[in-house]
Enquirer: 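I'd like to ask you about the structure that follows.
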Number of protein chains: 2
Amino acid sequence: MTHLERLCIEKGLKMTDQRRIIARVLSEADDHPDVESVFQRASQIDPRISLATVYRTVRLFQEADILAKHDFGDGRSRYESVPLEHHDHLIDVESGKVVEFFDEEIEKLKEAIALKLGYALVGHRLELYGTPIKKSDKAYKKI
Amino acid sequence: MTHLERLCIEKGLKMTDQRRIIARVLSEADDHPDVESVFQRASQIDPRISLATVYRTVRLFQEADILAKHDFGDGRSRYESVPLEHHDHLIDVESGKVVEFFDEEIEKLKEAIALKLGYALVGHRLELYGTPIKKSDKAYKKI
DNA sequence: TTATATGCAAAGCTTTTGCGCTGGC
DNA sequence: GCCAGCGCAAAAGCTTTGCATATAA
């Protein structure tokens with residue numbers, strides 16, 4: 001049983017074949033697939049699945065807080081099973097590759113800034129967009 | 001002449017009545033309007049304006065780097081004239097209010113993290129989502 | 001059994017685009 | 001006068017939904 005399926009059961013969600021398959025696809029993904037990709041991967045496992053169900057299921061999972069929705073600026077939503085430990089994303093604007101990172105210091109700052117403004121932090125999103133540094137680049141000299 | 005119109009001229013953009021009006025609406029906005037809002041405000045100044053032109057114009061301004069596009073997770077894009085100094089956003093999830101803030105330390109960290117990962121930072125987005133802290137809240141005690 | 005989930009196709013929303021007309025420069 | 005910009009309406013892309021059928025509990 002996959003990680004996400006276990007979480008579904010813990011949340012008391014009714015498990016259908018479709019949900020199990022979608023949970024598996026999302027659990028096994030090491031990228032950040034959009035709905036279309038999830039649908040394609042799920043269809044390969046079982047063609048008896050519809051795009052509407054994928055949309056309904058990712059929404060369900062999201063509302064159950066076991067799936068995170070991201071928007072990397074390309075017009076569609078991308079998904080990622082809620083990781084054990086939080087992380088942020090750096091998007092390579094040349095290749096579209098997504099690099100995950102975690103920085104303790106920046107996490108503390110987020111909390112502190114919200115507090116200073118009079119808010120309790122309930123969510124946060126940080127995305128960095130960058131181009132790979134090559135030795136010839138000016139930026140490389142900074143290192 | 002509004003701030004944004006001046007920037008348009010500096011960038012050498014051809015100025016039509018419509019662009020001037022849209023620039024004015026965006027310059028005078030102290031919120032983060034979506035295209036529909038910009039269209040409505042512009043229409044009040046001059047009804048001879050179409051939604052398509054608003055879309056084309058915000059895109060043009062964005063490509064000229066004089067307008068910033070945001071996505072606060074409600075399905076449409078929100079716009080803000082590029083501020084003199086960069087800032088991030090905290091979104092009040094109860095009221096939808098958007099608070100702008102700037103934190104030197106977090107800005108430096110963004111750059112440093114990208115560099116550490118081998119990237120030159122070309123863009124970044126930080127949004128905090130929070131609920132207002134009342135004296136009765138548990139979080140209030142942290143202050 | 002009974003409420004809930006699914007598939008299909010239609011519709012909804014935001015955003016883009018083709019085309020003939022208008023208007024800056 | 002010419003090329004870019006505009007309005008209009010159609011279409012495109014992502015996502016949601018109505019309805020009849022199927023299925024988990």
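A, B, ... follow the sequence lines: proteins, then strands. Residue 1 opens every chain.
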Enquirer: What is the distance, to the nearest angstrom, from the CD1 atom on B:I22 to the C1' atom on D:dG7?
Expert: 12 Å

Enquirer: Between the base of C:dG7 and the side chain of A:R56, is one N or O donor paired with an acceptor at under 3.5 angstrom?
Expert: yes

Enquirer: Which nucleotide in the list D:dC8, D:dA25, C:dT6 gets nearest to the side chain of A:T53?
Expert: C:dT6

Enquirer: C:dG24 P sits how many Å from B:E5 CD, rounded?
Expert: 13 Å

Enquirer: Just checking, is any N or O donor in the side chain of A:D88 or A:H86 under 3.5 Å from an acceptor N or O on the other one?
Expert: yes

Enquirer: Under 3.5 Å, is there a donor on one side chain and an acceptor on the other for B:H87 and B:E80?
Expert: yes

Enquirer: According to a strict under-4.0 Å criterion, is A:Q18 in side-chain N/O contact with OP1 or OP2 of C:dG7?
Expert: yes

Enquirer: Between D:dT15, D:dT16, C:dT17, which nucleotide has the shortest distance from any of its atoms to the side chain of A:R59?
Expert: D:dT16

Enquirer: Distance check: side-chain N/O of B:T16 vs OP1/OP2 of D:dA4, anything under 4.0 Å?
Expert: no

Enquirer: In whole angstrom, what separates A:R20's CZ from C:dA5's C1'?
Expert: 13 Å

Enquirer: Between C1' on C:dG12 and CZ on B:R76, what's the gap in Å once rounded to a whole number?
Expert: 14 Å

Enquirer: Atom CG of A:D34 and atom C1' of D:dG13: how far apart are they, to the nearest Å?
Expert: 12 Å

Enquirer: Using the side-chain heavy atoms of B:Y55, tell me which of these nucleotides is nearest: C:dT14, D:dT15, C:dA5.
Expert: C:dT14

Enquirer: Using modelled atom types only, decide if a donor and an acceptor are shared between the side chain of B:K97 and the backbone of B:D92 within a distance under 3.5 Å.
Expert: no

Enquirer: For the pair made of CG in B:D74 and C1' in C:dC13, what is the distance, rounded to whole Å?
Expert: 12 Å

Enquirer: C:dC8 P sits how many Å from A:I49 CD1, rounded?
Expert: 11 Å

Enquirer: Within the side chain of B:T53, is there an N or O that forms a donor-acceptor pair under 3.5 Å with the backbone of B:I49?
Expert: no

Enquirer: Among the nucleotides D:dT16, D:dA25, D:dC8, which one has an atom lying closest to any side-chain atom of A:K14?
Expert: D:dA25

Enquirer: Given that B:D17 and B:L51 both sit by DNA chain C, which one's nearest nucleotide is further toward the 5' end?
Expert: B:L51

Enquirer: Nearest whole angstrom, please: distance from the C1' of D:dC6 to the CG of B:L60.
Expert: 13 Å

Enquirer: Taking only side-chain N and O atoms of B:R48, does any of them lie within less than 4.0 angstrom of OP1 or OP2 on D:dG7?
Expert: no

Enquirer: Given 3.5 Å as the limit, does a donor-acceptor pair link the side chain of A:R19 with the main chain of A:K14, or not?
Expert: yes

